[in-house]
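What follows is one structure encoded as structure tokens, with my remarks underneath.
Protein chains get the first letters and strands the later ones, always in sequence-line order, with residue 1 at the start of each.
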2 protein chains.
Amino acid sequence: MLQQIFHSRIYLPKNEKTMALLDDLKWRYATKKYDATKKVSREDVEKIIEAARLAPTSSGLQPFKVILISNQELKEKLVPIAMVQQIVADSSYVLVFAAWDKYTDERIDKIYNYMADERGLPRDKFADYVTRLKSTYLNQPAESNFVHTARQAYIAFGVALAQAAELKVDTTPMEGFDNDQLDEFLGLREKGLKSVTIMSIGYRDNEGDWLVGMKKVRRPKEEFVIEL
Amino acid sequence: MLQQIFHSRIYLPKNEKTMALLDDLKWRYATKKYDATKKVSREDVEKIIEAARLAPTSSGLQPFKVILISNQELKEKLVPIAMVQQIVADSSYVLVFAAWDKYTDERIDKIYNYMADERGLPRDKFADYVTRLKSTYLNQPAESNFVHTARQAYIAFGVALAQAAELKVDTTPMEGFDNDQLDEFLGLREKGLKSVTIMSIGYRDNEGDWLVGMKKVRRPKEEFVIEL
């Protein structure tokens, strides 16, 4: 009997498992001060990046990259660009999400050739679909492409924030930085990338963070959802 | 002894718990055919929306809403707009993520007054910050505001997709629809909202879905991450 209960616990009953992410999301907050003496493990940061890599994107194009910065000197040089004082310097890692500046023939072909190869399909399997994609994106100005590629990066950003919360790793999502300066500093332009958002990763400083004890406030459900 | 093991399993050791989301993300895929006979519970769809509500957004403004559509007739009327044949009609629920068309004085004040009230702080507590926010956003054209509000909706979209996967509920992220037509159909314009993305929610049809058996393909890690 005990054995039976024991087994049913290993394979978690649905309700117990499925509450986990909501609890993690309530636990997380935009950390304002990190404990510089506590370092997030390499294993954990890899999981956060892996979650971003697994995130869905429009037509599977994954039109962005994640720049992982762990070097302390580099992080400190980011402080004036990120305009967030010590957050960046005290965190263990900084991830910069940078989206493709535009879609190109080559970029789209590369993804779809790889997809076909990985699935053991002929490379022309998705030819019609790829033609439609190209006729849509390649006829738009680069700025419109970038509006779209940036949005895809934000999906992955959301998924990565959720993954960090599950690991009980703190994060700060950051936008208020000088994008051009950051692109220049990281050499993104020549890679055809433009920074869109930053995530600092570390462990909260419970004493020094003014936000840590404050109530998490979200718009009430009635104002957030419209049911039709 | 058994009792001890048993307890250590109830309170999951970190490694076991923390692998969960990555496994869920590998399990999920953009469902192409739903089993119209299986309905996702109201409880589960509420959890998915709650995850979106808890997602972080820039300055906590949550500049978007989620439109929940469960009515079958409405879902069927969406089919020609969403341009995805039966996916929308066969799913249990459709969520439309719609972002603020622009920032306004009133919208920003409402959020920050609510935040102060909820935290038991005087309403002028964030006055300087709010002034800075307004001087940034209200001096931009509406289109620039919308680029920003849409991105915030995408963070929540990512978090909601992760939540659905944890619940083993299938989803289809969709963009290729006629935004203006959808806004018109849902009466979003007069609410100051513009649709950005759609999520169908349901259970996969294992027999009818051409994608279900295919390998999940993502760009290899070496191409996805740049380490500095």
Side-chain angles (χ1 to χ4, degrees), chain A residues 2-3 5-6 9-10 17-18 20-22 25-26 28 30 47 49-51 53-56 58 60 62 65-71 74 111 114-115 118-119 147 150-151 154-159 161-163 166-167 173 175 186 191 196-197 214-215 217-219 221 224-228, chain B residues 2-3 5-6 9-10 17-18 20-22 25-26 28 30 47 49-51 53-56 58 60 62 65-71 74 111 114-115 118-119 147 150-152 154-159 161-163 166-167 173 175 186 191 196 214-215 217-219 221 224-228:
Chain A
L2 240 183
Q3 194 66 15
I5 298 170
F6 172 61
R9 292 286 181 170
I10 299 181
K17 180 180 178 309
T18 53
L21 186 56
L22 285 182
L25 292 171
K26 284 171 197 155
R28 73 158 298 287
K47 283 181 186 167
I49 294 170
E50 182 63 2
R53 197 180 71 95
L54 289 170
S58 187
Q62 298 182 275
K65 293 200 183 204
V66 170
I67 295 85
L68 166 62
I69 304 168
S70 49
N71 178 291
L74 260 183
I111 300 283
Y114 181 71
M115 203 184 289
E118 284 291 298
R119 288 176 174 166
V147 165
R151 289 178 176 186
Y154 272 75
I155 298 176
F157 192 70
V159 173
L161 287 167
Q163 178 59 72
E166 192 187 55
L167 295 165
E175 278 182 335
L186 299 177
K191 293 188 170 74
V196 289
T197 181
M214 291 231 186
K215 182 181 173 184
V217 181
R218 292 292 186 266
R219 295 165 69 196
K221 204 178 136 187
F224 181 71
V225 185
I226 300 173
E227 182 154 7
L228 297 180
Chain B
L2 239 183
Q3 196 65 16
I5 298 169
F6 172 62
R9 292 288 181 168
I10 298 182
K17 179 179 179 308
T18 52
L21 186 56
L22 285 182
L25 292 172
K26 284 172 197 156
R28 73 158 298 287
K47 283 180 186 167
I49 295 171
E50 182 63 3
R53 197 179 71 93
L54 290 170
S58 187
Q62 297 182 275
K65 292 200 184 204
V66 170
I67 294 87
L68 166 63
I69 303 170
S70 48
N71 179 290
L74 262 183
I111 300 283
Y114 181 72
M115 204 184 289
E118 284 291 299
R119 287 177 173 166
V147 165
R151 289 178 176 187
Q152 311 311 312
Y154 271 75
I155 297 176
F157 192 70
V159 173
L161 287 167
Q163 178 59 74
E166 192 187 54
L167 295 164
E175 279 182 335
L186 298 177
K191 294 187 170 77
V196 288
M214 291 232 188
K215 182 181 174 186
V217 181
R218 292 292 185 267
R219 294 165 70 195
K221 204 177 138 187
F224 181 72
V225 185
I226 300 172
E227 182 155 9
L228 296 180

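Closest heavy-atom contact between A:E175 and B:Q152: OE2-NE2, 3.0 Å. Annotation for A:R219 and B:Y114: closest pair CA-CE2, 4.4 Å, computed over non-hydrogen atoms. Residues B:R218 and A:L54 share a closest heavy-atom pair of NH2-O, 3.0 Å.
Within the 4.5 angstrom heavy-atom criterion, atoms from both the backbone and the side chain of A:V225 approach chain B. A:P173 touches chain B through its side chain: at least one heavy atom from C-beta onward sits under 4.5 Å away, while N, CA, C and O do not. Proximity to chain B (any heavy atom under 4.5 Å) is restricted, for A:F157, to the side chain, taken from C-beta onward. Heavy atoms closer than 4.5 Å to chain B are found in both the backbone and the side chain of A:I67. Proximity to chain A is limited to the side chain of B:L161, based on heavy atoms less than 4.5 angstrom apart.
A distance of 10.0 Å separates CG in A:L22 from CZ in B:R53, rounded to the nearest 0.5 Å. Here A:M115 contributes atom CE and B:M214 contributes atom CE; the two are 10.5 Å apart, rounded to the nearest 0.5 Å.
For chain A, the option among B:L25, B:I155, B:I49, B:I111 with the highest count of heavy-atom pairs below 4.5 Å is B:I155. Of the listed residues (B:A162, B:G60, B:S70, B:A55), the one with the most heavy-atom contacts under 4.5 Å to chain A is B:A55. Counting heavy-atom pairs under 4.5 Å between each of A:A156, A:A150, A:G158 and chain B puts A:G158 at the top. Ranked by non-hydrogen atom pairs under 4.5 Å with chain B, the options A:E118, A:E227, A:R151, A:K65 are led by A:R151. Ranked by heavy-atom pairs under 4.5 Å with chain A, the list B:A30, B:P56, B:A51, B:S58 is led by B:P56.
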